A.B. asks: 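Before anything else, here's the structure in question.
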Amino acid sequence: MENKDIVLIMPPLWNPLQPPLGLPVLNAYLKEKNIKLSQYDLNIQFINKILTKDWMTFLIDNLKEKLSNYEKKNTLTFEEQAAYISLKTALSGLEKNIDIGEKLLPKFKEDDFFYDLESYLYLLKKIDESFLFISQFYTDVKMEIINYSSRYKNNKSQDIIKAITDKDKNNNNLFYHFFNHNFIKEIMYRDNPLVVGLSILDPQQLMAAFAIASVIKENYPEVKVAMGGPLIAKWNEILKKADKLYEVVDYFVIYEGCGTIEKIIDALKNKTAIADIPNLYYMENGKIQSPKIITKIIHHRITPDFDGLPLNEYLTPQLVIPLKASAGCFFGGCTFCEHPFLGNQKDYGYQLATPEEIVDRMVFLSGKYNTNCFNFTDSCSDARFLGELCDLLIEKKLDFKWIIFFRLDPVLDETFTRKLSKAGCIKIYTGYESANDRILQRMNKRKSSGHLPQVFKNLYEAGIALGLFVMYGFPDENEWEAENTYRTITEFLPFFNLPAFTFEFIPFIMVKQCKIFDDPEKFGIALKPQENDLSIEYQFDFIDEENQYLIEETDEIFGTMTKQYNSFLDSFPMMAFKNEVSLDVHDCMNILYVNKYGKTYDTFPVYEVKIKNKTIKKPLFGKIQHTYISLANNIVLFKSPFPVGTICENLINEATDSIVENTGEEEYYIFDPGKESYLIIEEDLYNLLKNNLSDNQISSEVLLSKMGDDQKYNTDLLNELISDKYLTSSENRLLLYDK
């Protein structure tokens, strides 16, 4: 045991493919100040631990005990029916996937799996499936690899506190239950810190973060808990009123955290007042204390220190390092954007490291952590800086691959884009937003779109992919303008045909820190009262009914657009991948795939597919490696003395006054709670599937041979089992029909 000044923690759920940036920056700064600390990425450690056989067995034992209590009853009420089905589903799924962590997580490190899209999506799907079964142990909880929802809202302080004070929180709060048994007590024993700091980037982390804080406060009340990060900065005004949050968190740090954390630790060690510490919200004598000073942001000038993070546990064969070269946004003028606020540009303007600092940083981190892949997280870069950065990388002949955010600026001429490509840039994320000059001017985005065709052509010929953001439903946008954006983008499709290309359609969202919020009437909208006090988004109405263009109507247009884009998925394999995972995960995939295969499809391995006697050459993505039947996401097998079919109908029809009786005779089921469907099967098929589906896989030929041609359900039931409703492999469906 070593007494540390602070322990830094990244809570779930976040990108499992790369380490966070905020903690390593803070780690580097505090080390320079001789502060004793440790840092932990509990996001990736949570993912790896929760899928272990030990934790699965722990849940299974608890499930069996709960189910035995139900099955001793003669009848079940409606509420008990719902709980019973959920627990039955969880037990079957956990038993089937009990060793999935040991079997599948290491495969993310293997090139044969990671660099084949079909294989990667299979791994991702199996992990999400296991998370689904784990979630069903709890009440009203659903978890995926980067998403979490429960009966409690993460944008409402009252709900967050309820989630950690619930008298049955071990059954209703997955994160509390998990962290009360894992990591926290070991960390606290090992490090014995004065302060625990939690880094929050996204609302998806809030339930886990407050669960961790609750476990600490219950067991180590003398330890202070601090919470900071971009999301907490967005709560700048919210924190003045959300007094319930201070029940489990002592300090909320906004904007720059380096100096604030240093001063908190100094005050605690020397037992001095914290009243003058900048950027700090805290509760004193029952009253919330607001920050006195706002300090200049310095994190972009610090070389992050990733030591202590579990760098070998991220779900990639090669590490991708996040970097930041600036604070705020170079342009900083978009009326809908909050990034200037997060960079504190009002007081200090756009802040930027030098190109020399960034190149030295990349060289140092590349050598220390054995990688050449970097993901710049800056809001928007300066063209002069970017050009000088490229010159240095080219001059030093550094083989780095990187992604960055940049405007669709006329500076992206043929010379500049070739320089970017030669320096290792593989992709530029950018806000296209709209094809209409009127809307662009209201956004203060750019004066016109006339230069874009040439810019797109230049980037394409240089092999630099785009990450294109398109906004719809901007105030006063009309139907013709929305459709014009769609038509215009389709004209540019040939310039997007690169492996790392992605696009994302985003509805206009009203955030408090943007310029529209300061004068909503100027943009023809009226804000509604906030229903949830922690929400960083605001609901609104349009004022002028004649020009009103509801986002719901725009949704329909862009929904149609998205469907039409699906027809291009064969041409854009990585774009197809975008539909499966989050943007943050996709960044790492872009960098690593292009680093391995190159910037264009010409350099990618191909394989041949025969479709209707026509041979088509396709990129390596999507190569079929799996020759087995795989039951769909949440299909489970179980037997029950209760009439499961009746229970399902009750739940579907919300028959809250229904009661079912224990028949004493077990029936056998294939059950799909996600699609609200089930299939009653015979005992021999149940046993056959249960014995051969330990990892949810079975060869189609083995299944047929074991069932025999003379069994009555051979044709009808198999056809139902192998329909799209239950199975994921169309190739195996053909095998079964042919048989």
Side-chain angles (χ1 to χ4, degrees), residues 10 12-21 24 39-56 97-131 144-146 183 306-322 365-375 399-403 426 499-500 573-574 577 580-582 584-598 604-605 619-626 630 695-697:
M10 179 71 172
L13 290 165
W14 189 245
N15 181 4
L17 271 66
Q18 72 176 32
L21 179 59
Q39 60 176 339
Y40 297 91
D41 185 354
L42 291 192
N43 174 56
I44 189 61
Q45 291 183 275
F46 165 79
I47 290 171
N48 282 281
K49 175 66 176 179
I50 203 169
L51 295 173
T52 60
K53 188 179 291 186
D54 287 346
W55 185 253
M56 296 276 205
N97 292 277
I98 191 167
D99 57 354
I100 194 169
E102 286 85 345
K103 289 175 63 176
L104 293 189
L105 286 177
K107 293 189 180 299
F108 284 97
K109 299 287 187 183
E110 299 175 12
D111 285 7
D112 287 348
F113 276 81
F114 186 87
Y115 290 109
D116 176 76
L117 185 59
E118 183 81 5
S119 301
Y120 186 86
L121 291 180
Y122 168 76
L123 294 177
L124 204 65
K125 182 175 182 177
K126 294 296 290 183
I127 298 302
D128 270 344
E129 177 184 318
S130 297
F131 278 169
E144 299 170 299
I145 199 164
I146 49 173
F183 295 126
F306 297 91
D307 290 357
L309 295 181
L311 299 180
N312 62 334
E313 293 188 25
Y314 294 99
L315 305 184
T316 57
Q318 180 181 340
L319 189 64
V320 176
I321 292 181
L365 294 172
S366 174
K368 185 175 183 180
Y369 299 113
N370 190 32
T371 183
N372 68 330
C373 295
F374 296 92
N375 183 11
D399 181 24
F400 296 151
K401 299 295 184 295
W402 43 280
I403 285 176
I426 70 159
M574 289 296 277
F577 182 75
E580 302 289 340
V581 298
S582 81
D584 301 295
V585 172
H586 198 259
D587 289 342
C588 295
M589 296 296 295
N590 286 161
I591 298 169
L592 292 173
Y593 269 65
V594 171
N595 186 48
K596 183 176 179 66
Y597 293 127
F604 276 65
L620 181 67
F621 301 118
K623 180 178 67 179
I624 301 296
Q625 289 192 349
H626 311 297
S630 176
D695 61 354
N696 212 23
Q697 303 165 22

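Side chains included, hydrogens not; waters and symmetry mates left out as well; all remaining heavy atoms used. Every value quoted in this text rests on a predicted model; they were computed, and no experiment measured them.
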A.B. asks: Does a donor on one side chain sit under 3.5 Å from an acceptor on the other, for Y369 and D307?
C.D. replies: yes
A.B. asks: Please check if the side chain of D128 supplies one atom and the backbone of I145 the other of a donor-acceptor pair under 3.5 Å.
C.D. replies: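 Yes, because the side chain of D128 sits within donor-acceptor range (under 3.5 Å) of the backbone of I145.
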A.B. asks: Do D41 and Y314 touch side chain to side chain, with heavy atoms closer than 4.5 Å?
C.D. replies: yes
A.B. asks: Between the side chain of N43 and the main-chain N/O of M10, is any donor-acceptor distance below 3.5 Å?
C.D. replies: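 Absent.
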A.B. asks: Is there a side-chain contact between I426 and I591 in this structure, where contact means two heavy atoms from C-beta onward sitting under 4.5 Å apart?
C.D. replies: yes
A.B. asks: Is there a side-chain contact between I44 and L315, using heavy atoms and a 4.5 Å cut-off?
C.D. replies: yes
A.B. asks: List the atom of P12, the atom of L42, and the distance in Å for their closest heavy-atom pair.
C.D. replies: CG-O, 3.7 Å
A.B. asks: Looking only at heavy atoms, what is the nearest atom pair of K49 and F183, with distance?
C.D. replies: CB-CZ, 3.7 Å
A.B. asks: Between Y593 and Y115, is the ring centre distance below 6.0 Å?
C.D. replies: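 Yes, close enough.
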A.B. asks: Taking all non-hydrogen atoms of both residues, which atom of V320 and which atom of Q18 are closest, and how far apart?
C.D. replies: O-CB, 3.4 Å
A.B. asks: Counting N and O atoms only, with roles assigned by atom type, does the side chain of E102 sit under 3.5 Å from a partner on the main chain of K53, one being a donor and the other an acceptor?
C.D. replies: yes
A.B. asks: On a heavy-atom basis, which atom in P106 and which in G101 lie closest, and how many Å separate them?
C.D. replies: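 Taking every non-hydrogen atom into account, CD-O, 3.4 Å.
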A.B. asks: Test your reading of the model: is there a side-chain donor-acceptor pair from K109 to the backbone of T316, 3.5 Å cut-off?
C.D. replies: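 Yes, K109 side chain to T316 backbone: donor-acceptor pair under 3.5 Å.
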A.B. asks: Would you find a donor on one side and an acceptor on the other, under 3.5 Å apart, between the side chain of N97 and the backbone of S130?
C.D. replies: no
A.B. asks: For P19 and P322, work out which heavy atoms get closest and say how close.
C.D. replies: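 Smallest interatomic distance, heavy atoms only, reads O-CG, 3.3 Å.
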A.B. asks: Tell me every residue that passes side-chain hydrogen bond (donor to acceptor under 3.5 Å, both in side chains) with S366, counting only those two or more places apart in sequence or in another chain.
C.D. replies: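 S366 satisfies side-chain hydrogen bond (donor to acceptor under 3.5 Å, both in side chains) with no other residue.
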A.B. asks: Do N372 and Q318 come close enough that some side-chain heavy atom pair is under 4.5 Å?
C.D. replies: yes
A.B. asks: Does I47 reach the side chain of F131, with side-chain heavy atoms less than 4.5 Å apart?
C.D. replies: yes
A.B. asks: At their closest point, which heavy atom of E144 faces which heavy atom of L13, and how far apart are they?
C.D. replies: O-CD1, 3.8 Å
A.B. asks: Pair T371, L365 - check side chain to side chain contact (heavy atoms under 4.5 Å, CB included), show working.
C.D. replies: CA-CA 8 Å; T371 183; L365 294 172; over 6 Å; no
A.B. asks: Applying side chain to side chain contact (heavy atoms under 4.5 Å, CB included), run through N15 and I146 and close with a yes or a no.
C.D. replies: CA-CA 7 Å; N15 181 4; I146 49 173; 5.8 Å; no
